[in-house]
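Following: one structure in structure tokens, then a few remarks.
Only this structure's heavy atoms are used, side chains among them; waters, hydrogens and symmetry mates stay out.
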Amino acid sequence: MAEVLPREVLICTIARLLDGVRHVAVGASSPIPAAGAMLLRAMKEAEGAVGPRISILGSVEHNFFTNGSAELFDCAGQGRIDAFFLGGGQIDGFGNVNLVGAGDYPRSSVRWPGSFGSAYLYFVVPRVILFREEHTPRVFVEKVDFISAPGVSPDGVFRSGGPIALLTGKALFRFDKTRPGFELESVHPGHDLAEIKEATGFRFAHDAEPRQTALPGRATLDLLRGRVFDELAETYPEFAAQMRRELGTVDA
Amino acid sequence: MAEVLPREVLICTIARLLDGVRHVAVGASSPIPAAGAMLLRAMKEAEGAVGPRISILGSVEHNFFTNGSAELFDCAGQGRIDAFFLGGGQIDGFGNVNLVGAGDYPRSSVRWPGSFGSAYLYFVVPRVILFREEHTPRVFVEKVDFISAPGVSPDGVFRSGGPIALLTGKALFRFDKTRPGFELESVHPGHDLAEIKEATGFRFAHDAEPRQTALPGRATLDLLRGRVFDELAETYPEFAAQMRRELGTVDA
Amino acid sequence: MAKHIEPGMRVALPVDYAGVSMAMTRPIIEHGAGDLDLVCVPTGGLQVDQLVGAGLVRSVETSAVSLGEAGGAPRFNAAVKEGAIRLKDATCPAIHAGLMAAQKGSPFMPLRGLIGTDLLRHRDDWRVVDNPLADGGDPIVLIPAIKPDVTIFHVPMADRFGNVWIGRRRELAAMAYASQLVLVTVERIVEENLLADEMTAAGVLPALYVTAVALAPKGAWPYGLWGEYPTDSAEIARYAKAARTADGFAAYMGQAQMESA
Amino acid sequence: MAKHIEPGMRVALPVDYAGVSMAMTRPIIEHGAGDLDLVCVPTGGLQVDQLVGAGLVRSVETSAVSLGEAGGAPRFNAAVKEGAIRLKDATCPAIHAGLMAAQKGSPFMPLRGLIGTDLLRHRDDWRVVDNPLADGGDPIVLIPAIKPDVTIFHVPMADRFGNVWIGRRRELAAMAYASQLVLVTVERIVEENLLADEMTAAGVLPALYVTAVALAPKGAWPYGLWGEYPTDSAEIARYAKAARTADGFAAYMGQAQMESA
């Protein structure tokens, strides 16, 4: 087995979570989700299949929209976006996301930028992947201070989308909307259940001995370190360069 | 007094009815309303004032919109269109307009094209001028067979626009929305009250001895026959040529 | 491309001057899928008349149908008189509102006007409600989303990547956003990516919304195409005269078919 | 052009990458009309932070405010903590929906999503109704029309006739349609009529909607302008650091003023 960087594990996990989507949108400042989408596209095309369409938001160079900043939301409302990523200053065990601030609203003690499109996209994009590398009790709280976007909705509320998974720097969780709540799917190499419990402010279901997150094989790593990092360098030059520096260390 | 063609009387009357508007929209197949708007613009500019903006709909050459065929209606909804013209297969004494067909709907015995934007524009354009050259009881009926757009609306219905006048080949009527109904304002040269009563299927208010429609003075006629017919020839070449042929006869 | 069209589909077609794919009319008629529900955006003409004349149309939602200067649409008007098609008479902004609702993924859009018209009286799919943001009263009409199965139009160019240049005819984009399938004929296909340059990109409907593109020079004829060629009014007048009768229509269509063969 | 701005006006400003008229920021501050209600379309950055820091802002309606890679917006965040400005937290499509309602002359637009959020709970101008076109239930949010008094943005070019080239940044058109006044700064003014050619016309906001145009080369700086120049990230970072305190903000703005004098 080749040595694999922690962020390569994240990228490969994202590619797996996206399997089957036709169109994924990623933020201009989200290189890891973008890399995951690009990896999936490369893997599909290597098999002779059609890869997903990838829209990178806010990028001038990779702007595939022509109707202004409303088009992403229209496109999602039309059912043309299958997957999207959401972070959050706080995420709780019900899948609620807080992008607004900590403390009492509106005079938040810590103010984050704001909800962006989450209060809409979380409802209408079928596969929303919650992604936050920092895995601490500060981020993963029992109950968010402000609901920018709720994890689940009551019966009768129109909802064609929502969270399917939560990916952190330590682990991958599946979201079960019937409970609702998270279930630990796998632990990334170098971490363990006890550490994850301590780092997570909400309760979650888990096996007694959780699996380790699957590592990519040689062929996947070659695609990632070749074609995908080349593509990535066009939009996220600093991130691609950094990954390649770290790989230089690994390879050495 | 110079000799004046009947259609010149109509054009000059329209210019008078439009006095004060900032933006008037006319149809691509409406040369007389367009000429009236162009005459007003020429008169204003001759005085050193700002003339109205004129949008000619459906014209490729004089298309001042860039957002497709919805833009006219958006523009009207924003209050940016002050005046518009409406014809009709039937017009009744309440200002109701029928652009759909005669007889029982939907299997009309005579089918006209349809309501176009009338069912919206009649509500939101402050100065709608009803214009139909053919002045017969077939057109001006007691009650239209189908209401494409109503002349008045009950209290409480949002309405910032509506008819202000009806101009025909024989006469000019003012619309009084409080009665509601039409009032004969003036009779074009060569016509009289008895003839107009016979040609009109609805009742209307009138003076015992109605005025004659005001005729344009020399300066106005010069503007019309010079600059305005030149401008008109760009968009309505056949109409401009025909007017000039008729004027040749008059001048001869 | 006509093979994409299936019986019973809802088909959106553009106004005369926006880019009508007349080149698609005959293939659609030969393909023969019927019971079509046409949506004219926002009015119809020659193509609608010919599809109605060919017996493929079940209903027409439109703000108007005519041949412009050539007069009324003869086969459409005959079908209306015979009760052979169902009419959904509308007004232009109501059709735009229905497409906008679909574009936005919303169930409806509100529209001012309409109250007191016989259009509204005959549309049981439109709903009047009191404006929930007013203090009471203030009736307003809600237009349900119009979601065509297929949109068909003709424009000057597309690129090799499926991006289609619609210029300022943005109703074509609105139709595409709202539709499942989008079939486009073009005057020419260019090598360069139309999205690569901000100047051309401004008028592009991205490939994301486009199902298929086919080359069809003079594909709007006898209609004109903005920036390309004018309308052939004589040909439209010739059609208008021929199509006054069903036999004349059949003869015109048969003759045109032979000419194109 | 800042003279058009009066105290208490509702001012619409575009997102960072769409064309922010940074060149107008200082004239607005010098002009001094306060109690402004800002509408960020749909998010805000440097310009919003500077107007807030200058004390001209009464409320901010936005989906987010930040300096991007340079972090949080320091004067905005400080004003939030102090309760010095009223917040109308929104989500991007709600801002677009409000502008679209104004564009259409409609009192509101419906929007999916939002139900169960604290955004909705804090917005007493948004209304939840049961979808009148459903058989019952199906709650949906109605967003009232957003009608700015003035919209301000920066784009590459305008022509001598007041037509403004916005390219594919169509939110700039949406803002203009919805606004009473539209103030535009441009990199350059061209001689030819931008509407005369279908290629350029496709990206034009017509003069009909434009109140005034002023030449301002590099007018988006330190933001970039699409198709023209990139963002000066170092300058934004320099601001972010300086503006952590009110004094640092004042020093930065004073220094910049001297440089521009």
Side-chain angles (χ1 to χ4, degrees), chain B residues 28-29 57-61 63-74 76-77 94 96-101 103-125 144-161 238, chain C residues 14-18 40-44 62-69 72-73 76-78 80-83 86-87 89-97 99-100 111-122 131 137-140 166-174 224 226-227 230:
Chain B
S29 49
L57 311 174
S59 145
V60 177
E61 292 78 17
N63 177 0
F64 299 112
F65 290 136
T66 58
N67 198 22
S69 59
E71 187 169 358
L72 166 68
F73 308 102
D74 292 358
F94 304 101
N96 297 317
V97 171
N98 174 5
L99 294 155
V100 161
D104 282 346
Y105 184 84
R107 294 182 61 173
S108 319
S109 53
V110 178
R111 169 79 198 192
W112 300 310
S115 303
F116 292 99
S118 64
Y120 180 73
L121 294 175
Y122 213 30
F123 286 79
V124 299
V125 175
V144 295
D145 292 342
F146 185 99
I147 300 177
S148 287
V152 293
S153 298
D155 279 352
V157 170
F158 179 91
R159 184 150 194 176
S160 51
E238 286 174 33
Chain C
V15 61
D16 303 352
Y17 50 79
C40 305
V41 183
T43 64
T62 191
S63 306
V65 180
S66 91
L67 300 182
E69 290 174 18
F76 172 80
N77 288 357
V80 166
K81 200 174 288 184
E82 290 160 18
R86 196 160 83 83
L87 279 179
D89 261 292
T91 187
C92 305
I95 298 209
H96 294 305
L99 290 172
M100 183 60 79
L111 184 66
R112 289 299 192 188
L114 280 175
I115 291 167
T117 67
D118 284 330
L119 297 171
L120 177 60
R121 202 160 60 83
H122 287 279
N131 174 6
D138 191 18
I140 187 165
I166 60 167
R168 50 174 149 171
R169 301 305 339 168
R170 296 202 64 85
E171 63 267 64
L172 302 179
W226 38 274

If one checks every heavy atom of A90(C) against chain B at 4.5 Å, the contacting part turns out to be backbone
Ordered numerically, the heavy-atom neighbours of chain C under 4.5 Å found in residues 151-159 of chain B are G156(B), V157(B), F158(B)
Under 4.5 Å heavy-atom distance to chain C, tell me which part of [X] shows up: side chain, backbone, both or neither.
X	value
A149(B)	backbone
V97(B)	neither
S148(B)	backbone

Spacing of [X] atom [atom1] and [Y] atom [atom2] [to the nearest 0.5 Å]:
X	Y	atom1	atom2	answer
K81(C)	S109(B)	NZ	OG	7.0 Å
L114(C)	Y122(B)	CG	OH	15.0 Å
D118(C)	N98(B)	CG	CG	8.5 Å
R169(C)	N67(B)	CZ	CG	9.5 Å

Hits for side-chain hydrogen bond (donor to acceptor under 3.5 Å, both in side chains) against D89(C), two or more places apart or cross-chain, chain-then-number order -> Y105(B), R111(B)
So which heavy atom on [X] is nearest to which on [Y], and how close?
X	Y	answer
T117(C)	P150(B)	CG2-CD, 3.7 Å
C92(C)	G117(B)	SG-N, 3.5 Å
S69(B)	P42(C)	OG-CD, 3.6 Å
Y120(B)	G113(C)	CD1-N, 4.4 Å

Of the listed G137(C), P230(C), G83(C), the one with the largest count of heavy-atom pairs under 4.5 Å with chain B is G83(C)
| message | Can you tell me how the ring of H96(C) sits relative to the ring of F73(B), calling it parallel under 30°, perpendicular over 60° and tilted otherwise? | response | tilted
Examine distances only and state if a side-chain atom of R107(B) and a backbone atom of E82(C) form a donor-acceptor pair shorter than 3.5 Å. yes
Item to complete: Mark yes or no for whether R168(C), through its side chain, and F65(B), through its backbone, hold a donor-acceptor pair below 3.5 Å.
Response: yes
- Task: Evaluate side chain to side chain contact (heavy atoms under 4.5 Å, CB included) for F146(B) paired with L119(C), printing each intermediate quantity in order.
- Result: CA-CA 8 Å; F146(B) 185 99; L119(C) 297 171; 3.8 Å; yes
